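Have a look at the structure below, then the notes.
Computed from a predicted structure; not experimentally measured.
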Amino acid sequence: MIEVLILLDVTNLDDKEIFEKHIVREGFVVVPDEPFVYSGESSTTTFATKAYILEVFKKGLGKTTFDECSLVFLLNETPYPPYIYDKTTQDFELAPDE
């Protein structure tokens, strides 16, 4: 089982309730007292889990409006590179190295 922790940094999200309703319906849990932090478990491979996270959060963001969004996640406490939502492609892209 893979433990998942997702941290979202989103600016001016129009409707957090609609967004989080989608996230919860897809199997993630809102971490109490932590804005835009979600947890969950996966029984698939790390590759499939990563793809699922990106797809679920992309669809959730598509249900509302926002200015900017980036996310990072940990799979079994292993951090993965940050992603930035590209509004032109309507998808998450790897953040450029700084």
### Residues forming a side-chain hydrogen bond (donor to acceptor under 3.5 Å, both in side chains) with E68, sequence neighbours excluded
none

Could you list the donor-acceptor pairs under 3.5 angstrom formed between side-chain atoms of residues 27-40 and any protein atom two or more places apart in sequence or on another chain?
from : atom 1 : to  : atom 2 : distance (Å)
Y38  : OH     : E20 : OE2    : 2.7

### Cation-aromatic face contact K16/F66, 6.0 Å, 45 degrees
no

### Query
When clusters are formed from ILVMFWY side-chain contacts under 4.5 Å, directly or step by step, what else is grouped with I18?
none

### Task
Output the distance between atom CZ (F92) and atom OG (S70), rounded to the nearest 0.5 Å.
8.0 Å

N/O donor to acceptor pairs below 3.5 angstrom from side-chain atoms of residues 73-81, sequence neighbours left out:
from : atom 1 : to : atom 2 : distance (Å)
N76  : OD1    : E3 : N      : 2.8

### Message
Restricting to side-chain hydrogen bond (donor to acceptor under 3.5 Å, both in side chains), what partner residues turn up for T88, sequence neighbours left out?
### Response
D86

### Message
Determine whether a donor-acceptor pair (N or O, by modelled atom type, separation under 3.5 Å) exists between the side chain of T11 and the backbone of D67.
### Response
no

### Message
What's the separation between atom CD1 in I6 and atom CD1 in I23, rounded to the nearest 0.5 Å?
### Response
8.0 Å

### Message
Within this structure, what is the NE2-CG distance for the pair H22 and D15, rounded to the nearest 0.5 Å?
### Response
13.5 Å

### Query
How long is the span from the CD atom in Q90 to the OH atom in Y85, to the nearest 0.5 Å?
5.0 Å

Solution key, residues 46-62 side-chain donor-acceptor pairs under 3.5 Å, sequence neighbours excluded:
from : atom 1 : to  : atom 2 : distance (Å)
T49  : OG1    : S42 : OG     : 2.6
T49  : OG1    : T44 : OG1    : 3.0
T49  : OG1    : T45 : O      : 2.8
Y52  : OH     : E26 : O      : 2.7
Y52  : OH     : E26 : OE1    : 2.9
E55  : OE1    : K58 : NZ     : 3.4

